[in-house]
Peer 1: 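Please see the structure below; I have some questions.
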Amino acid sequence: MSIVTRFAPSPTGFLHIGGTRTALFNWLFAKNMGGKFLLRIEDTDRERSTQEAVNAIFSGLRWLGLDWDGEAVFQFSRAPKHREVVNELLENGNAYYCYCSQEELAAMRDQAKAAGLAPRYNGYWRDRDSKQAPAGVKPVVRLKAPTEGKTVLEDLVQGTVVTCNTQLDDMILLRSDGTPTYMLSVVVDDHDMNVTHVIRGDDHLTNTFRQIQIYQALGWQIPKFGHIPLIHGPDGAKMSKRHGAVGVEAYKALGILPQTLCNYLLRLGWAHGDDEIIPTEKAVEWFNIEGIGRSPSRFDMNKLLNLNSHYLRQAENDKLIDSIAEFLPNNLSAKLSDSADYRQRLVIGINGLKQRAKTLAELATGAQFYLLDAPLPMNDKIKLLLSERESREILKKLTEALKVFNEWNEASLHILVKDFSNGLGIGLGNVAKVARAALTGSEISPSIFEIMQALGKQETLNRLKRCGQLVF
RNA sequence: GUCCCCAUCGUCUAGCGGUCUAGGACGUCGCCCUUUCAAGGCGGCAACACGGGUUCGAUUCCCGUUGGGGACGCCA
């Protein structure tokens, strides 16, 4: 039998980074086993579900390349089927109506807590006749769960986990307004979608015992479960808003590459020996559930950034140039797309640039001087440097030397400027510093010879000459 | 409060009884390379939470302690 996994997020916000890892593991497992990966939107909470959140899930998964098989299933649309199943349960005596009010339930929980027990419903209506029901109260439907014995979970990640049934109460299957609860919907949907492996966050572990009880009441085959540890923030607590970026779109906006995020998320709690750089193809080949660690791991932005600079350096230049557009100010990104000349500068210049950037955003910032027209913006330090008489002397002489030079490539320019510096007896570093300032408006940049080549002779001379004449 | 899970450098991890004077990566520190900054190369600092067992032998197995985390909704 072919395996089927699924990712089942609720559309109540952004696509959470933790959920993303869950999706990745499900996807990898399915791919590794030659099975299917399904997507189900758990939108049964009508109050909190939004279309915007659904879109965020779709676009986030697509961005990461975690494609799902078939159409996404919207859980709410299956409510009639869920009610049908509840009726079945009601008929065969595995479920019953409960008329307790919220106040009564709260009292029961307090009572149990006071007695040193888990807060739970005490089964008041379990064996009571509905004829005794208070008038005008709309009942909920509860599962008639076993009151003794144990429920056992053979978890793919956590191992064997056992819970006493006295710990669990009769969960609600149908709300008083007739809508199905999550606990029931997941079971019915996973069953109907033929899901064979439920891989999800650790926070669902205790839910699983309840869900197993539903499977048992229905006489359905129980899928295999694997509960992966949650991702924690740097402080060790579950990732939440106060930790900063929790949605994948935030990482996209930062200029993190999708392959970086996949690689990073995979290495959080899973390893393949000493391998750190694991491209998706390898991940699919190597992934296994047994390798998933059981302890939660903390999110480390530094390592993510380091990985990202690796993938940035490896990325194809054309793609990189295309993808920095959205990180550029509008006027510059327009220049990039409208003018082949400006783009051509980056075709060469991107090489030095991408070696220095940790994110696409940084790459875009670094690329600006290629797209800007003189006069370049300069800080006081640069202005001061360029206003010195020695600097302008160097610039003038350098302009003259370059004017008659025609081997316009990085290596030749390097030799020429080196000889030029020797001739002046001032050392390459001093010439480079001034040229860099004039060419880029900055004291930090890629190799000035690469920049000269990328800018072309005319623009190089233009920038050098301009600064040589500048008066501040 | 009740139940469950977890525990190797600051962080992510390798290790599945002897190969461990514990390996890799990020970060950090130093050196080299060098026109700046990166990248790269080389090297340093840095961990088996604690206490009991089991065993000829425990980082590895068992039990406790401590510490951390998660779950206890007519949310999902």
Side-chain angles (χ1 to χ4, degrees), chain A residues 8-12 42-45 47-49 75 98 100 102 105-106 109 112-121 138-142 153 155 157-159 161-164 166-169 171-183 185-186 201-207 209 227 229-230 232 234 236-238 264 267-277 293-307 309-310 313 352-358 366 414 417-418 421 427-437 440 442-449:
Chain A
S10 54
T12 53
E42 312 228 307
D43 55 349
T44 52
D45 186 335
E47 296 288 305
R48 296 198 295 158
S49 298
Q75 191 161 59
C98 166
C100 285
Q102 300 285 4
L105 294 175
R109 282 187 209 110
K113 243 180 185 171
L117 299 169
R120 57 196 285 279
Y121 172 66
K138 287 213 167 114
V140 298
V141 176
R142 286 180 183 273
L153 166 64
D155 195 274
V157 177
Q158 306 290 342
V161 189
V162 183
T163 274
C164 288
T166 49
Q167 206 58 225
L168 276 16
D169 62 2
M171 82 203 86
I172 293 175
L173 303 175
L174 219 55
R175 301 186 188 98
S176 52
D177 65 359
T179 59
T181 60
Y182 159 79
M183 213 62 82
S185 307
V186 203
D202 220 352
D203 49 341
H204 283 286
L205 191 76
T206 47
N207 287 336
F209 294 102
H227 288 90
L230 266 15
H232 287 176
K238 190 175 167 180
Y264 179 72
R267 280 288 288 105
L268 226 44
W270 185 89
H272 184 266
D274 284 341
D275 293 312
E276 295 288 344
I277 306 296
R294 271 175 296 191
S295 55
S297 37
R298 302 183 188 204
F299 196 89
D300 182 1
M301 197 59 179
N302 275 329
K303 193 153 182 172
L304 209 220
L305 252 17
N306 175 275
L307 241 198
S309 45
H310 170 85
R313 267 174 265 135
L353 253 20
K354 71 179 182 182
Q355 217 178 104
R356 292 163 171 76
K358 285 187 158 63
H414 192 161
V417 178
K418 191 157 195 173
S421 310
L428 180 54
N430 291 309
V431 175
K433 186 162 72 172
V434 181
R436 169 170 293 111
T440 70
S442 167
E443 48 194 335
I444 297 168
S445 83
S447 155
I448 56 165
F449 309 113

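Just so it is clear, the values below take in all heavy atoms, side chains as well, and ignore hydrogens, waters and symmetry mates. Note on naming: letters A, B, ... go to the chains in the order of the sequence lines (proteins, then strands), and numbering restarts at 1 for each one.
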Peer 1: Provide the Watson-Crick or G-U wobble partner of B:rC31, both distances under 3.5 Å; none if there is no partner.
Peer 2: B:rG41

Peer 1: Who pairs with A:D203 by side-chain contact (heavy atoms from CB on, under 4.5 Å), at least two apart in sequence or on another chain?
Peer 2: A:L230, A:K238

Peer 1: Return the set of residues passing salt bridge (charged side-chain N to carboxylate O under 4.0 Å, His left out) with A:D169 (not counting sequence neighbours), or none when no residue passes.
Peer 2: A:R210

Peer 1: With a 4.0 Å cut-off on heavy atoms, is A:C98 in touch with a base, just the backbone sugar-phosphate, or nothing at all?
Peer 2: nothing

Peer 1: A:N430 near the nucleic acid: base, sugar-phosphate alone, or nothing, with a heavy-atom cut-off under 4.0 Å?
Peer 2: nothing

Peer 1: Under a 3.5 Å cut-off for both contacts, is B:rG1 paired Watson-Crick or G-U wobble with anything, and if yes, with which nucleotide?
Peer 2: B:rC72

Peer 1: Reading RNA chain B from 5' onward, which residue's closest nucleotide shows up sooner: A:N302 or A:L174?
Peer 2: A:N302

Peer 1: Say we look at B:rC63 and B:rU28: how far apart would their C1' atoms be, to the nearest angstrom?
Peer 2: 39 Å

Peer 1: Have a look at A:H232 and say if it touches a base, only the backbone sugar-phosphate, or nothing, with a 4.0 Å heavy-atom cut-off.
Peer 2: sugar-phosphate

Peer 1: Starting at the 5' end of nucleotides 31-43 of chain B, put B wherever the base has a protein heavy atom under 4.0 Å, S where only the sugar-phosphate does, and a dash everywhere else.
Peer 2: ----BBBBSS---

Peer 1: With sequence neighbours excluded, what pairs up with A:T166 under the side-chain contact (heavy atoms from CB on, under 4.5 Å) test?
Peer 2: A:C164

Peer 1: Provide the distance between the two C1' atoms, one in B:rC33 and one in B:rG40, to the nearest whole Å.
Peer 2: 8 Å

Peer 1: I'd like to check the side-chain contact (heavy atoms from CB on, under 4.5 Å) partners of A:H414; sequence neighbours left out, ordered by chain and number.
Peer 2: A:L428, A:F449

Peer 1: Residues two or more places apart in sequence or in another chain: which of them pass salt bridge (charged side-chain N to carboxylate O under 4.0 Å, His left out) with A:R298?
Peer 2: none

Peer 1: Taking salt bridge (charged side-chain N to carboxylate O under 4.0 Å, His left out) as the definition, give me every residue that meets it alongside A:D155, ordered by chain and number, with sequence neighbours left out.
Peer 2: none

Peer 1: Considering Watson-Crick and G-U wobble pairs with both distances under 3.5 Å, what does B:rA25 pair with?
Peer 2: B:rU11

Peer 1: Under a 3.5 Å cut-off for both contacts, is B:rC61 paired Watson-Crick or G-U wobble with anything, and if yes, with which nucleotide?
Peer 2: B:rG53

Peer 1: Checking all strands, does A:Q102 fall into the base, sugar-phosphate, or nothing category for heavy-atom contacts under 4.0 angstrom?
Peer 2: base

Peer 1: Roughly how many Å apart are B:rG41 and B:rA22, using the C1' atom of each and rounding to a whole number?
Peer 2: 25 Å

Peer 1: Please enumerate all residues that pass side-chain contact (heavy atoms from CB on, under 4.5 Å) together with A:T44, with sequence neighbours excluded.
Peer 2: A:Q75, A:S185

Peer 1: Pull out every protein N or O sitting under 3.5 Å from an N or O of nucleotides 18-20 of chain B, one pair per line with the distance.
Peer 2:
none

Peer 1: Which residues pass the ring-ring contact (aromatic ring centres under 6.0 Å, His included) test with A:H232, sequence neighbours left out?
Peer 2: none

Peer 1: Using a cut-off of strictly less than 4.0 Å, decide whether A:K113 has a side-chain nitrogen or oxygen near OP1 or OP2 of B:rC72.
Peer 2: no

Peer 1: For A:E276, what residues pass the salt bridge (charged side-chain N to carboxylate O under 4.0 Å, His left out) criterion, not counting sequence neighbours?
Peer 2: A:R267, A:K303

Peer 1: Could you encode protein contacts along nucleotides 5-15 of chain B as a string, one character per nucleotide from 5' to 3', using B for base contact, S for sugar-phosphate-only contact and - for no contact, with a heavy-atom cut-off of under 4.0 Å?
Peer 2: SSS---SBSS-

